[in-house]
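Here it is, the structure in full.
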Number of protein chains: 2
Amino acid sequence: MLKYQQIATEIEKYIEENSLQQGDKLPVIEALMNQYEVSKSTITKSLELLEKKGIIFQVRGSGIFVRRHHRKGYISLLSNQGFKKDLEDYQITSQIIDFDVRKPTQEAAQSLNLQETDEVYYVKRVRYINGQTLCLEESYYHKGIITYLNKEIISESIFHYITEGLGLKVGFSDMYLQVGKLQEEEASLLGLESGDPKLCAESIFHLTNGQPFDFSKVTYNYEQSQFFVQGNSHLL
Amino acid sequence: MLKYQQIATEIEKYIEENSLQQGDKLPVIEALMNQYEVSKSTITKSLELLEKKGIIFQVRGSGIFVRRHHRKGYISLLSNQGFKKDLEDYQITSQIIDFDVRKPTQEAAQSLNLQETDEVYYVKRVRYINGQTLCLEESYYHKGIITYLNKEIISESIFHYITEGLGLKVGFSDMYLQVGKLQEEEASLLGLESGDPKLCAESIFHLTNGQPFDFSKVTYNYEQSQFFVQGNSHLL
DNA sequence: TTGATAAATTATACCGATACAATTATAATG
DNA sequence: CATTATAATTGTATCGGTATAATTTATCAA
């Protein structure tokens, strides 16, 4: 693990352990430099990382402060590693509806930079959180990249397999959201009524080298899912 | 404007003008250093910015590449300056339903770090996009920070007034999303049916110094609103 | 041709230093 | 006491450099 990541982790732990609250001040950069015995630039990078994660904010001329803790039980739309409902005291399980090798839909092919004649792993499953249906998930995996899948793997965490088992590195993702009404089939799989609200999320996941390897359409059970996202105006 | 921002803008323009596509390679850092006559660190910061904005991605040992252009017509959930449907050929108007000074709800008070006995500007309006109802918006503005508002201002862009008129600097925001069914009143204001799907977004906007100044609840017309968000796994 | 090995390319981590800008604390002033 | 001017604090921008890790290209051996 890199120095700046390590330090970021330790600062985060420090905030946690001393249960610092919104607006509480952290030691100044100079102090952190001495404490961790690294240069200013390294501390700065650590703080940048913590800022991106929404843990702290910095005010020039003033100091480094802890940001408001966000509400618990929300799914982050930013960290793209599958589900990460905060503090994993949630039990996520899944039931496989469908699993095979097939030709991608036009949409999937385009998202994965494939021809419609190429093949993909197709996985359709319902995911449960503490026994409640959480979502219906249809995924298309680039077979040239995700070279092997089986039922055991897709019953567990596919992302864990991709990173640990295959040694691939997940990079960035694009996600498109829209709200609509549940179709007959979706409703029955989710245990809801046809016409009930749904949140549909289409995601394209890429490796660090930019290759798209997973196109997924997730239909959420509106009763079980809440999301959060941290914005930042210095993007424009 | 700072050097690294300026350069980021120019690189973005370069991509646009030469209509570079997904995966196309940009000049290497060394070349960019020479072209813009700045140090490596400055180029690096420009590229970091473009990466955060989802314009490019970098691969160590390989180069700098342009990222897939995202779909048009989607509202970004990351840049927190009100609405920014891509490429503003959209006409956004609004109708004021309610506007006064009042005590905040408990939720609003807590979000704005106020007592329930403090006062806030309350604004309720329906916003339209090209004539169609886009959303219903209820906002609470910290009266100690947003010291003055009137009907003219809230008919236009409040954020523009806050930054230009009041000279305040918007920093970060927290946003919580959930899906549900429209109430009677919401539906009538949005021109939809009671029980139709809704996406409800609660946001807290802060100044760069960390002060929360705006708590807003936005109920979107599901027929008119699509969203996108760019994730990044090096957040963890 | 294939496959392994080495070299070159290229982004990233880290160091240290100077100048600058925003904020906050202090002192001076009326 | 309030207001203003000044100084100290503190994060940010920029420079420039060395070392490292991932990838690609070139080289060589089988």
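Just so it is clear, the structure is predicted and the values come from calculations on it, not from any experiment. The chains referred to below are lettered A, B, ... by the order of the sequence lines, with proteins before strands, and numbering in each begins at 1.
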Touch class at under 4.0 angstrom, heavy-atom based, for B:Ile64 against every strand present: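 If one applies the 4.0 Å heavy-atom cut-off, B:Ile64 turns out to touch the sugar-phosphate alone, with no base involved.
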
Atom-pair distance (CD on A:Gln6; P on C:dT12), nearest Å: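 Nearest whole value for this atom pair: 21 Å.
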
Nearest listed nucleotide, side chain of B:Val28, among D:dT14, D:dG11, C:dA11: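 My answer, after comparing the listed nucleotides, is C:dA11.
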
Rounded distance in Å - CD (B:Glu30) to C1' (C:dA11):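 The answer, rounded to whole Å, is 12 Å.
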
Candidates D:dA13, C:dA13, C:dT10 - which lies nearest the side chain of B:Tyr4: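 Nearest nucleotide to the side chain: D:dA13.
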
Whole-Å distance separating the CD atom of B:Gln211 from the P atom of C:dA22: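 The answer, rounded to whole Å, is 17 Å.
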
Protein-nucleotide distance (A:Ile56, atom CD1; D:dG11, atom C1'), rounded to Å: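 A:Ile56 atom CD1 is separated from D:dG11 atom C1' by 11 Å.
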
Residue mapping more 5' on DNA chain C - nearest nucleotide basis, A:Thr42 or B:Gly63: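 The answer here is B:Gly63.
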
A:Glu30 atom CD, neighbour heavy-atom count above 12 within 6.0 Å: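 No, the 6.0 Å shell around CD holds no more than 12 heavy atoms from other groups.
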
C:dT12 phosphate, OP1 or OP2, under 4.0 Å from B:Gln58 side-chain N/O: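 Looking at the OP1 and OP2 atoms of C:dT12, one of them is under 4.0 Å from a side-chain N or O of B:Gln58.
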
Nearest-angstrom distance from the residue atom CZ of B:Phe57 to P of C:dT10: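 Going from B:Phe57 (CZ) to C:dT10 (P), I get 16 Å.
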
Sequence-aligned protein contact record of nucleotides 18-23 of chain D, with B where the base is within under 4.0 Å of a protein heavy atom and S where only the sugar-phosphate is: ---BBB

B:Phe213 and B:Tyr141 aromatic centres sub-6.0 Å: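 Not under 6.0 Å, so no.
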
Residue closer to the 5' end of DNA chain C, B:Leu26 versus A:Gln5 (nearest nucleotide):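 The answer here is B:Leu26.
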
B:Phe172 and A:Phe57 aromatic ring geometry - parallel, tilted or perpendicular at 30°/60° bounds: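 Taking B:Phe172 first and then A:Phe57, their aromatic rings sit tilted (interplane angle of 30° to 60°).
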
Range-with-range stems for DNA chain D, at least three Watson-Crick or G-U pairs under 3.5 Å: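 Listed by first number, the stems are C:1-30 with D:1-30.
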
Ion pair A:Arg71/B:Glu202, N-O distance below 4.0 Å: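 Looking at B:Glu202 together with A:Arg71, the answer is yes, because their closest N to O distance falls below 4.0 Å.
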
A:Ile29 CD1 to C:dT18 C1', straight-line distance once rounded to whole Å: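 The distance from CD1 of A:Ile29 to C1' of C:dT18 comes to 15 Å, rounded to the nearest Å.
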
Distance flag, aromatic centroids of B:Phe159 and B:Phe205, threshold under 6.0 Å: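 Here the rings of B:Phe159 and B:Phe205 have centres that are less than 6.0 Å from each other.
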
Pairing of A:Glu137 and A:Lys217 as salt bridge, 4.0 angstrom limit: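 Salt bridge flag = no for A:Lys217 with A:Glu137.
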
Side-chain donor-acceptor contact under 3.5 Å, B:Tyr176 with B:Asp174: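 No, because no side-chain N or O of B:Tyr176 sits under 3.5 Å from a partner of the opposite role on B:Asp174.
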
Donor-acceptor pair between B:Gln22 and A:Asn113 side chains, under 3.5 angstrom: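 Checked: B:Gln22/A:Asn113 side chains pair up, N/O donor to acceptor below 3.5 Å.
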
Spacing of B:Lys25 atom NZ relative to C:dT9 atom P, expressed in whole Å: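 In whole Å, C:dT9 P and B:Lys25 NZ are 12 Å from each other.
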
Under 4.0 angstrom between A:Lys3 side-chain N/O and C:dC15 OP1 or OP2: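 Answer yes for this pair, as a side-chain N or O of A:Lys3 is under 4.0 Å from OP1 or OP2.
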
Residue pair B:Tyr122 / B:Glu138, side-chain donor-acceptor N/O under 3.5 Å: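 Per modelled atom types, B:Tyr122 and B:Glu138 side chains form a pair under 3.5 Å.
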
Gap between atoms NZ and C1', on B:Lys45 and C:dA11 respectively (whole Å):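 After rounding, the gap between these two atoms is 18 Å.
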
Sub-6.0 Å ring centroid separation between B:Tyr148 and B:Tyr121: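 When the ring centroids of B:Tyr148 and B:Tyr121 are compared, they turn out to be at least 6.0 Å apart.
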
